[in-house]
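What follows is a single structure, written as structure tokens, with notes after it.
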Amino acid sequence: MTNQHQYEVIIVGAGGAGLMAALYASKGAKTAVLSKLYPTRSHTGAAQGGIGAALGNLEEDRAEWHTYDTVKGSDYLGDQDAIEFMCQEAPAVVYELEHMGLPFSRTKEGRIAQRRFGGHTNNDTGKPVLRSCYAADRTGHMILQTLYQQCIKREVTFFDEFHVLDLVMSEGQVAGVVAVELATGELHVFHAKAVIFATGGHGRVWEVTSNAYAYTGDGVAITLRRGIPAQDMEFFQFHPTGIFKLGILITEGVRGEGGVLINKEGQRFMKEYAPSVKDLASRDVVSRSMYIEMREGRGINGKNYMYLDVTPETVNKFAEIDGRVRPDGTPYRVTGEEILKKLPDIIDFCRTYIGVDPMKEPMPVQPTAHYAMGGIPTNQFGEVLIDENKTMLPGLYAAGEVACVSVHGANRLGTNSLLDIVVFGKQAGLKAAEHAKDASFQPLPDDATDFTRQQLDRLLKNSGEERAADISKEMKQVMSADVGVFRTEKGMSEAVQKIRELRERYKKVGVDDKGKLFNTNLLNTWELGALLDVAEVTAEAALARKESRGAHAREDFPKRNDAEWMKHSLAWLKEDKIELRYKPVTQTKYEPKERVY
Ligand SMILES: Cc1cc2nc3c(=O)[nH]c(=O)nc-3n(C[C@H](O)[C@H](O)[C@H](O)COP(=O)(O)OP(=O)(O)OC[C@H]3O[C@@H](n4cnc5c(N)ncnc54)[C@H](O)[C@@H]3O)c2cc1C
């Protein structure tokens with residue numbers, strides 16, 4: 001049985017981007033939010049370090065500096081008009097969140113406190129600047145709770161634990177989505193004038209990741225299957241500091257507060273790779289430096305991890321060596337109490353999960369798959385662009401990690417994603433409501449649920465000759481080995497072959513649970529299909545890009561090649577192949593330069 005609903009705007013996803021979009025769309029249009037998770041379980045709630053904005057209320061800072069740092073951090077692949085827009089909007093959205101009730105950490109004077117973060121600098125001195133606004137080390141949790149409360153206050157309609165599996169199109173226009181209700185297993189069709197995808201990222205393609213189990217790339221896979229391209233998928237960020245083997249994130253805020261990375265010989269090795277900003281270089285640079293150290297045998301105990309040390313003695317020792325001062329000019333020195341107050345959650349994680357007390361001893365860390373720079377192509381208003389001529393698809397929007405605006409280019413700076421989700425979530429919400437005002441509902445096709453039913457029926461009827469767990473394991477292994485921090489032609493060609501083979505084997509995957517109620521077995525297996533599509537597009541786009549830029553580091557093409565490759569990739573998923581095309585990067589006033597740290 002199929003249930004039918006009608007809303008002017010449907011938002012898929014209830015993380016920071018989806019909730020911000022909902023707040024704004026619901027002001028002008030009949031809006032509903034669909035989420036496969038209960039909203040406050042969205043991954044935004046896991047964000048620790050902070051949200052970037054050049055408030056300039058503690059020391060000098062400017063939106064222009066934030067813009068330039070982001071352009072440079074993106075390794076010149078970010079679209080400069082969109083970056084300028086985001087950084088200019090940043091202070092206003094931070095104050096907007098504050099006025100909604102977000103409990104930011106504060107200075108003694110009562111101002112919003114800020115900490116240092118990788119890649120954020122005073123452009124005159126090149127030194128790190130205080131730009132990351134935070135609520136201890138649970139900034140994302142606070143953003144999510146605050147936005148959810150606001151949505152409840154404004155009586156936004158939520159369909160919780162509704163898993164969207166398809167986008168319904170009618171005569172080339174958006175007509176709605178199809179979702180499975182987890183509790184009943186029933187299909188629902190949501191007829192809509194506008195659909196906003198805000199489904200988050202896809203880090204579960206890799207073995208060691210900081211990402212939630214739900215980060216399976218659903219939004220990108222659903223739109224790919226409907227003929228919409230995915231942009232810049234070869235760029236996936238590895239965060240330098242995940243807990244060894246577990247991948248759980250240790251925020252960059254640890255280094256912002258003065259923590260340092262140490263190798264087997266007790267050396268603070270980042271001073272060799274980035275003499276100016278050292279441990280606060282961009283994430284791609286730090287992750288690669290760690291790999292080189294480990295490859296050269298300087299991992300701790302000869303293994304693939306390093307130490308991250310935030311004990312007060314170490315912080316104070318290096319603060320003295322660096323001559324670090326507070327904004328009032330006094331030397332930067334910390335007590336254990338201060339560290340505990342600023343980083344309570346990560347200290348707790350380490351004590352709980354690995355029995356290490358970061359107040360007394362260093363944490364074992366390794367790079368962890370963290371953030372998707374690529375995704376559904378949009379402009380700065382969240383409008384989805386379906387080709388290299390920037391043609392819009394009326395009624396379709398995307399915002400947050402699932403979208404590629406592109407403000408992060410080849411490498412995202414820390415704190416810029418929480419900023420991205422509120423700035424572009426808001427824009428997408430406004431635009432979708434505006435569209436709904438003039439547009440009419442497209443008629444729903446009779447076969448609206450057919451594609452979804454086919455996919456689920458196949459999984460339910462297959463004999464189970466292939467096991468999802470095996471395919472998932474093999475996908476993660478090959479993507480980590482060959483489409484990870486360092487890449488080569490040979491490795492990536494093998495990865496492409498392997499993923500193709502896994503996609504074939506996936507056709508024979510079955511599920512054990514054939515029931516209707518809370519069939520997570522079925523939906524998790526569907527998610528694996530989404531991950532495989534995303535993995536193939538990622539590997540193919542990476543293989544084609546013959547240069548190194550940001551997070552895409554090729555050993556066989558170690559240099560950035562602006563003459564040929566300063567362009568965005570667009571990948572279409574065709575029946576038996578991936579088609580790649582390219583579109584130019586939007587440049588305003590920043591000429592590409594060599595990145596120096
Ligand atoms: C551990 C960690 C720490 C981080 N720390 C920071 C930080 O300090 N600063 C920073 O700027 N960034 C940080 N990031 C990145 C940032 O948190 C995320 O990129 C951002 O929160 C993503 O928000 P979103 O709204 O796009 O997605 P999410 O918050 O993940 O929300 C996705 C939503 O989509 C829903 N959904 C997904 N698929 C479907 C489907 N098929 N059907 C229905 N619903 C669906 C989910 O239920 C969920 O509600 C961090 C990320 C991680 C993993």
Inset, instruction - Could you give me the CA-CA distance, side-chain angles and deciding distance for Lys36 and Thr216, then say whether side-chain hydrogen bond (donor to acceptor under 3.5 Å, both in side chains) is met? - result: CA-CA 12 Å; Lys36 68 178 178 179; Thr216 51; 3.1 Å; yes

Legend entry - Between Asp75 and His552: side-chain donor-acceptor atoms closer than 3.5 Å: no

Inset, instruction - Return yes if a side-chain donor-acceptor contact under 3.5 Å exists between His163 and Asp218, otherwise no. - result: yes

Legend entry - Electrostatic pair Glu536-Arg500, nearest N-O below 4.0 angstrom: yes

Legend entry - Sidechain N-carboxylate O distance under 4.0 Å for Lys498, Glu474: yes

Inset, instruction - Assess the side chains of Asp387 and Thr391: does a donor N or O sit below 3.5 Å from an acceptor N or O? - result: yes

Inset, instruction - Answer with yes or no whether the side chains of Ser74 and Asn411 bring together a donor and an acceptor at under 3.5 Å. - result: no

Inset, instruction - Carefully, step by step, assess Phe381 and Phe424 under the rule ring-ring contact (aromatic ring centres under 6.0 Å, His included). - result: CA-CA 7 Å; Phe381 305 111; Phe424 297 113; 9.0 Å; no

Legend entry - N/O donor-acceptor pair under 3.5 Å between Ser480 side chain and Glu207 backbone: yes

Legend entry - Check: Ser406 main-chain N/O paired with Asp232 side-chain donor or acceptor under 3.5 Å: no

Legend entry - Polar contact flag, side-chain donor to acceptor under 3.5 angstrom, Gln454-Asp457: no

Legend entry - cation_pi(Arg204, Tyr213) dist<6.0 Å, angle<=45: yes

Legend entry - Salt-bridge present (Arg503, Glu501; N to O < 4.0 Å): no

Inset, instruction - State plainly whether the residues Lys507 and Glu466 are in salt-bridge range, i.e. N to O under 4.0 Å. - result: no

Inset, instruction - Please confirm whether the backbone N or O of Met492 pairs with a side-chain atom of Asp482, one donor and one acceptor, at under 3.5 Å? - result: no

Inset, instruction - Could you tell me whether the side chains of Asn416 and His408 share a donor-acceptor contact shorter than 3.5 Å? - result: no

Legend entry - Test item: side-chain donor near acceptor, Thr538 and Glu234, under 3.5 Å: no

Legend entry - Backbone N/O of Thr44 and side chain of Ser42: donor-acceptor pair under 3.5 Å: no

Inset, instruction - Considering only NZ, NE, NH1 and NH2 on the basic side and carboxylate oxygens on the acidic side, decide whether Lys437 and Glu434 come within less than 4.0 Å. - result: no

Legend entry - Side-chain donor/acceptor of Trp206 to backbone N/O of Met479, under 3.5 Å: yes

Legend entry - NZ/Lys546: more than 12 non-hydrogen atoms of other groups inside 6.0 Å: yes

Inset, instruction - Could you check Glu527 against Leu523 for side-chain contact (heavy atoms from CB on, under 4.5 Å), going step by step and ending with a plain yes or no? - result: CA-CA 6 Å; Glu527 287 175 335; Leu523 290 172; 5.6 Å; no

Inset, instruction - For residues Val178 and Val164, determine if any side-chain heavy atom of one lies less than 4.5 Å from a side-chain heavy atom of the other. - result: no

Inset, instruction - Could you tell me whether a side-chain N or O of Ser472 sits under 3.5 Å from a main-chain N or O of Ala468, the two making a donor and an acceptor? - result: no

Legend entry - Donor-acceptor pair between Thr588 and Glu84 side chains, under 3.5 angstrom: yes

Inset, instruction - Could you tell me whether the side chain of Asn379 and the main chain of Glu383 form a donor-acceptor pair under 3.5 Å? - result: yes

Legend entry - Cationic N near anionic O, under 4.0 Å, Glu555 to Arg295: yes

Legend entry - Arg225, CZ: over 12 other non-hydrogen atoms inside 6.0 angstrom: yes

Inset, instruction - Kindly indicate, with the supporting measurements, whether the criterion side-chain hydrogen bond (donor to acceptor under 3.5 Å, both in side chains) is fulfilled by Gln237 and Asp284. - result: CA-CA 7 Å; Gln237 178 171 80; Asp284 55 338; over 6 Å; no

Inset, instruction - Flag yes if more than 12 heavy atoms outside Lys514 fall under 6.0 Å of its NZ atom; otherwise flag no. - result: yes

Inset, instruction - Measure the shortest side-chain to side-chain distance between Tyr7 and His191 over non-hydrogen atoms and say whether it is less than 4.5 angstrom. - result: no

Inset, instruction - Tell me, please, whether Tyr371 has Arg412 positioned over its six-membered ring: NZ or CZ under 6.0 Å from the ring centre and within 45 degrees of its axis? - result: yes

Inset, instruction - Would you check if the side chain of Asp513 reaches a backbone N or O of Asn519 as a donor-acceptor pair within less than 3.5 Å? - result: no

Inset, instruction - Keeping the roles fixed (side chain from Arg560, backbone from Lys593), state whether a donor-acceptor pair exists under 3.5 Å. - result: yes

Legend entry - Any side-chain donor near an acceptor of the partner, His568 and Gln231, under 3.5 Å: yes

Legend entry - Between Ser210 and His370, a side-chain donor and acceptor under 3.5 Å: yes

Inset, instruction - State plainly whether the residues Asp166 and Arg226 are in salt-bridge range, i.e. N to O under 4.0 Å. - result: yes

Legend entry - Backbone of Gly409 reached by a side-chain donor or acceptor of Arg549 within 3.5 Å: no

Inset, instruction - Would you verify whether the NZ or CZ of Arg581 falls within 45 degrees of the ring axis of Trp572 while also being under 6.0 Å from that six-membered ring's centre? - result: yes

Inset, instruction - Decide if the gap between the ring center of Tyr76 and the ring center of Tyr590 is smaller than 6.0 angstrom. - result: no

Inset, instruction - Compute the centroid of each ring, for His188 and then for His5, and state whether the two points are separated by less than 6.0 Å. - result: yes

Inset, instruction - Please say which of Thr452, Asp447, Asp446 ends up in a side chain to side chain contact (heavy atoms under 4.5 Å, CB included) with Asp450. - result: Asp447

Inset, instruction - Answer with yes or no after comparing the ring centroid distance for Phe159 and Phe190 against a 6.0 Å cut-off, counting only values under it. - result: yes

Legend entry - From Lys426 atom NZ to Glu89 atom CD, the distance as rounded to the nearest 0.5 Å: 6.0 Å

Legend entry - Approximate separation, where rounding is to 0.5 Å, of Asn462 CG and Thr525 OG1: 10.5 Å

